[in-house]
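Shown next, in structure tokens, is the structure this report addresses.
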Amino acid sequence: MDVDQHWRIIAEQRRAIAHLLTTLTPQELDSPSLCEGWRIRDVAAHVALAPQPPGPLGMLREAARARGSFHRLNHDIAVRHADATPDPAADLSAVADSRRLPSVTNYRNIHYDVIVHAQDIARPLGHTIPVDPTAAAVAAQRVWTMGWPFWAKRRLRGITLVAEDSTWTAGSGPEVRGTTLDLLLLLTGRRSTVTGPGLAHL
């Protein structure tokens, strides 16, 4: 997948999230996402902030406020942005096609990040945001090989992951099968619908 294809998927997923947000009630926006401790609106804010990050001085202030915890920094920035944003759908729509990036990441990471966060938002509410299996496979391979923050290869050692809707596979041992998207969610520590004898090893 070339750079333009990555960005096309990113823009499509951002717009799909924004469209879903327009259908949600305030109560649904305040309900839990798949990310523990994150509301739906917080995850949406996190996605919207990727192309509009704080500057270097702002990041230093946020890091000090978070006492050096990257997870807490991400969470707190998102919560503050969410609380200050009356229309999260419009906020995300406005930056859907942006290719601006925080200095600490790259488009390959934004690719898997937006796909996973779309599911963090949609699935707890019983909604669906479709993902092309090829795009999900590219995201899964990125997470499998990257180490921090998911350490997927180490966490899931001893099993073989087999996608049922693409050619993606990884690991060795008893099989765990599912859609490429469900395997991606497993790789990133989310609840997902997977089957197979390898489940006993998880």
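The residues of the chain are indexed from 1 along the displayed sequence.
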### Query
If every non-hydrogen atom of Gln13 is compared with every non-hydrogen atom of Ala118, which pair is closest and at what distance?
OE1-CB, 3.5 Å
### Message
Between Asp42 and His46, do the side chains contain a donor N or O and an acceptor N or O under 3.5 Å apart?
### Response
no
### Query
OG/Ser31 to CD1/Ile40 distance, rounded to the nearest 0.5 angstrom?
4.5 Å
#### Entry: NZ/NE/NH1/NH2 to OD/OE distance under 4.0 Å, Arg8 and Asp132
no
### Query
Between Ser166 and Ala163, is there a donor-acceptor pair closer than 3.5 Å when you use the side chain of the first and the backbone of the second?
no
### Task
Write down the atom of Ile129, the atom of Ala16, and the distance for their closest heavy-atom approach.
CG2-CB, 3.8 Å
### Query
Any chance the side chains of Asp165 and Thr180 put a donor and an acceptor closer than 3.5 Å?
yes
### Evaluation steps, side chain to side chain contact (heavy atoms under 4.5 Å, CB included), between Val194 and Leu161
CA-CA 10 Å; Val194 291; Leu161 303 170; over 6 Å; no
### Query
Is the backbone N or O of Pro130 less than 3.5 Å from a side-chain atom of Thr128, with the two atoms forming a donor-acceptor pair by type?
no
### Message
Using 0.5 Å steps for rounding, measure from the CZ atom of Arg14 to the CD1 atom of Ile9.
### Response
12.5 Å
### Task
Heavy atoms only: give me the nearest Leu184-Ile115 pair and the separation to one decimal.
CD2-CG2, 3.7 Å
### For the student: nearest non-hydrogen atoms of Ala48 and Val95, plus distance
O-CG2, 3.8 Å
#### Entry: pair Pro88-Leu29: side-chain heavy atoms closer than 4.5 Å
yes
### Task
Start with the C-alpha distance between Asp4 and Arg99, add both sets of side-chain angles, then the distance that settles side chain to side chain contact (heavy atoms under 4.5 Å, CB included), and finish with yes or no.
CA-CA 10 Å; Asp4 287 336; Arg99 295 193 177 191; 3.0 Å; yes
### Message
Restricting to non-hydrogen atoms, name the atom on Ala136 and the atom on Leu181 that form the minimum distance, rounded to 0.1 Å.
### Response
CB-N, 4.1 Å
### Message
Would the distance check show the side chain of Arg123 and the main-chain N or O of Asp120 forming a donor-acceptor pair, the cut-off being under 3.5 Å?
### Response
no
### Beyond-backbone contact of Arg142 with Asn109, side-chain heavy atoms, under 4.5 angstrom
yes
### Query
Are Arg155 and Trp151 in a cation-pi setup, meaning NZ or CZ lies under 6.0 angstrom from the ring centre and within 45 degrees of the ring axis?
no
### Message
Side chains of Leu186 and Arg191, heavy atoms from C-beta outward: is any pair under 4.5 Å?
### Response
no
### Task
Compute whether any side-chain donor of one residue and acceptor of the other, for Thr160 and Ser172, lie under 3.5 angstrom apart.
no
### Message
Check for me whether the distance between the ring centres of Trp7 and His111 falls short of 6.0 Å.
### Response
no
